[in-house]
There are 2 protein chains.
Amino acid sequence: MIKPTITDIANEMGITPSTVSRALTGSPRVKESTREAIIRKAEEMGYERNVMASNLRRGFAKTVGIIVPRINRQFFSNVISSAESVLGEAGYTVIICQSHETLEDEVKALKTMRANQVAGVMISHSIQSVNGDHILENIPEDVELVQFDRVFSSLPGIKVVNDGVKGSYEATISLIENGYKKIGTLAGYLGAELFADRKKGYVKALEEAGMDIDEDIIFEDSILRETGYRSALKAIERGCDALYCAGDFSALGAFDAVREAGLEVPGQFGIIGTANEHFTGLMSPRMSSLEQRPDKMGAEAALAFLEAVEGKKEDRTIEIPMELIIRQSSSRKQ
Amino acid sequence: MIKPTITDIANEMGITPSTVSRALTGSPRVKESTREAIIRKAEEMGYERNVMASNLRRGFAKTVGIIVPRINRQFFSNVISSAESVLGEAGYTVIICQSHETLEDEVKALKTMRANQVAGVMISHSIQSVNGDHILENIPEDVELVQFDRVFSSLPGIKVVNDGVKGSYEATISLIENGYKKIGTLAGYLGAELFADRKKGYVKALEEAGMDIDEDIIFEDSILRETGYRSALKAIERGCDALYCAGDFSALGAFDAVREAGLEVPGQFGIIGTANEHFTGLMSPRMSSLEQRPDKMGAEAALAFLEAVEGKKEDRTIEIPMELIIRQSSSRKQ
DNA sequence: TACAAATATACAAACGTTTGTATTAATTGC
DNA sequence: GCAATTAATACAAACGTTTGTATATTTGTA
């Protein structure tokens with residue numbers, strides 16, 4: 001017998017496949033003693049459930065799909081890694097797609113998920129997604145939706161996000177406490193709630209400190225090293241002595257600009273980045289950064305999904321506190 | 001009609017499901033004109049193939065499984081990222097598991113793959129896997145096996161590896177040409193072909209240059225920053241003035257040790273790492289490193305798989321040349 | 001002892017596709 | 001124009017599981 005089925009087990013034992021099925025799925029409709037016998041026999045025969053048949057019959061798979069812009073971004077790969085560990089442990093299979101930051105690929109990915117009848121979708125949307133309509137359109141009602149990091153609060157389901165306002169607030173406060181007087185920000189794309197929040201925290205900190213909010217030193221769309229560099233040059237020109245950057249790569253660009261301007265980091269210029277990318281701790285001077293806790297985010301997202309499919313909890317938003325990692329680049333001005 | 005099936009299409013058109021199926025799968029047994037009509041109707045009705053039914057009937061899924069020690073390692077996430085792009089484009093779904101560097105989880109992952117009836121498995125084995133027996137045992141004959149980076153040459157199937165001998169040879173030659181006189185190596189775990197190859201290239205370079213091979217400055221098992229640091233301390237003690245490191249993290253540890261010893265990098269001490277981790281280009285002095293081209297590796301692995309399932313090519317080993325990235329840490333001794 | 005209730009198992013249909021074989025329609029050769 | 005061939009489509013079974021309903025068995029109660 002190449003690969004035994006429940007029918008084979010049933011025949012072997014002189015019983016019916018339905019009983020075998022119920023025994024193996026843990027239905028209460030079968031006597032404990034027969035269940036034990038069946039399980040023993042199944043193991044003896046080297047039985048393995050045919051997932052496809054099972055999925056077909058039930059109409060869904062014990063699978064969750066994860067969609068991210070790019071798997072090879074440190075943040076995302078960390079989220080995926082910890083989510084996979086939790087989901088795998090719970091017997092779920094993880095399928096992965098990348099949106100490559102485009103709406104087109106994101107929709108394609110959603111279709112793939114639907115085609116594979118996943119029980120849930122964990123998604124951090126592409127930069128091209130301006131709202132969640134395409135998500136609603138492509139995910140059936142009964143599929144659990146878990147958004148993380150980049151989320152649309154208008155969508156139903158579970159959301160796992162950083163407390164970005166609080167994080168950027170603390171980062172900015174830290175710069176203020178270290179004596180910096182004119183603090184700008186490389187803000188990222190403000191159309192995303194994520195970045196909008198980080199700006200909010202920055203503004204809040206300045207307001208509390210009684211400092212001016214100057215739109216001229218709030219640089220939108222500065223995410224890359226290159227764009228960060230250019231914006232930072234302008235910031236220096238406009239008299240800034242510190243920058244809170246909504247990303248580590250733009251912060252790296254800020255380093256470049258500040259060095260080029262002949263200023264010292266820290267001291268003459270303070271910088272705090274966001275994401276705590278690995279390299280931040282290896283540079284010199286080492287860069288202060290706001291850690292997003294992607295590991296925690298992935299685990300929490302996975303756990304929330306599991307609770308949801310088991311019907312234990314309903315839709316909710318989980319906030320993962322950010323962690324301000326203070327290193328050299330933001331220390332006290334002499 | 002909630003979700004149309006091929007039977008619905010058939011009824012609607014007054015034909016039989018088998019014709020619809022053949023039309024949609026591109027069988028030559030259906031007239032072109034009817035095929036076109038069927039496709040039109042299918043689109044009109046919003047038909048989507050039920051993957052599970054299809055998989056069940058055919059006995060396999062258009063899915064490939066990727067197993068890596070950890071998704072969140074830069075190297076692996078890059079491989080996965082480019083492999084997913086290629087496979088997704090070809091209509092394959094990617095499922096992912098982590099072995100967490102343990103044999104136990106790797107076997108579990110293999111079982112998951114088998115349960116999901118994947119068409120192929122791409123794997124880079126865990127450090128605990130000393131041979132490929134568990135792979136053979138858990139993967140059916142008809143599943144295409146693609147090993148990458150960490151491979152067992154004894155296993156059948158496709159293998160995608162770096163030309164590690166050549167890479168480390170060039171790295172070592174580069175150190176020699178820059179005037180370093182006593183070059184050691186932080187060699188990694190030599191039980192893995194991967195690391196054994198890197199040692200070979202190192203030895204070859206020294207031999208060609210007529211330099212002594214000194215086992216006392218070949219440090220096995222130095223992969224982490226911490227272990228690299230300790231080994232590097234010994235290397236300095238034993239008179240080395242350069243190290244070729246089989247990993248970037250051990251190279252980072254070497255930096256620590258050299259700095260602690262009060263020597264200058266480069267000049268008094270030369271270092272070349274392996275992997276070209278992102279941080280190597282951001283340190284100061286910037287670290288020279290051997291790039292593994294994970295993007296190319298993932299893409300080549302995926303392409304080889306696609307060729308194999310289409311029956312175009314047979315088992316083979318693909319070598320991805322490494323790229324020596326010369327930065328500051330290995331430059332000329334004054 | 002008999003009968004209702006509960007428990008355990010059997011029966012059979014269904015999930016939607018694919019595919020070997022049978023049938024019908026169209027084409028070819030002579 | 002008719003048989004022989006080929007092309008196109010129809011029929012029906014199968015993939016292995018799950019699950020509603022029906023039947024058989026056991027238990028409890030009057």
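In what follows, chains are A, B, ... by sequence order, proteins preceding strands, each numbered from 1.
- Residue contacts for B/Thr25: at a heavy-atom cut-off of 4.0 Å it reaches the sugar-phosphate backbone alone, with no base atom in range.
- A close approach under 4.0 Å does not occur between any side-chain nitrogen or oxygen of B/Thr19 and OP1 or OP2 of D/dA8.
- In the set D/dT18, D/dA10, D/dT9, D/dT9 carries the atom at the smallest distance from any side-chain atom of B/Lys31.
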For salt bridge (charged side-chain N to carboxylate O under 4.0 Å, His left out), just list the numbers for A/Arg70 and A/Glu101, CA-CA rounded to whole Å, side-chain angles, deciding distance to a tenth of an Å, and then say yes or no.
-> CA-CA 7 Å; A/Arg70 292 214 145 79; A/Glu101 299 284 17; 5.6 Å; no
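- Side-chain polar atoms of A/Ser82 and A/Ser85 form no donor-acceptor pair below 3.5 angstrom.
- Side-chain contact annotation: A/Thr16 with A/Thr19, donor-acceptor N/O pair under 3.5 Å absent.
- Within 4.0 Å of B/Phe60, counting heavy atoms only, lies no atom of the nucleic acid at all.
- Not a single donor-acceptor contact under 3.5 angstrom links the side-chain atoms of A/Arg29 to the base of D/dT18.
- The aromatic rings of B/His125 and B/Phe152 lie parallel to each other, their planes meeting at an angle below 30°, with 60° marking the opposite boundary.
- Side-chain N/O atoms of B/Ser18 include none lying less than 4.0 angstrom from OP1 or OP2 on C/dT19.
- Across all strands shown, B/Arg58 has heavy atoms under 4.0 Å from sugar-phosphate atoms exclusively, and none from any base.
- Each of A/Thr7 and B/Thr16 was assigned the nucleotide of DNA chain D with the nearest heavy atom; the assignment lying further toward the 5' end belongs to B/Thr16.
- Between A/Asn55 atom CG and D/dT17 atom P the separation is 12 Å, expressed in whole Å.
- Rounded to a whole Å, the CZ atom of B/Arg57 is 10 Å from the P atom of D/dA14.
- Between A/Ser54 and D/dT18 there is a side-chain polar atom (N or O) within less than 4.0 angstrom of OP1 or OP2.
- Among the heavy atoms of the strands lying under 4.0 Å from B/Arg49 are primed sugar atoms or P, OP1, OP2 only; no base atom is included.
- For the pair B/Met13 CE and D/dA10 P, the computed distance is 10 Å after rounding to whole Å.
- Going from atom CZ of A/Arg22 over to atom P of C/dC11 covers 13 Å, rounded to whole Å.
- Rounded to whole angstrom, the span from the CD1 atom of B/Ile15 across to the C1' atom of D/dA7 amounts to 16 Å.
- Looking only at atom types and distance, the side chain of B/Asn72 has a donor-acceptor partner in the side chain of A/Asn78 under 3.5 Å away.
- At least one side-chain nitrogen or oxygen of B/Ser21 sits closer than 4.0 Å to the OP1 or OP2 atom of C/dT18.
- Computed from coordinates, the B/Ile6 CD1 to C/dT18 P distance equals 6 Å when rounded to whole Å.
- Whole-Å rounding puts the B/Glu32 CD to D/dA8 P distance at 9 Å.
- Mapping B/Arg35 and B/Leu56 onto DNA chain D by nearest heavy atom places B/Arg35 closer to the 5' end of the strand.
- Remark: P of D/dT17 and CG of A/Leu24 are 9 Å apart, rounded to the nearest angstrom.
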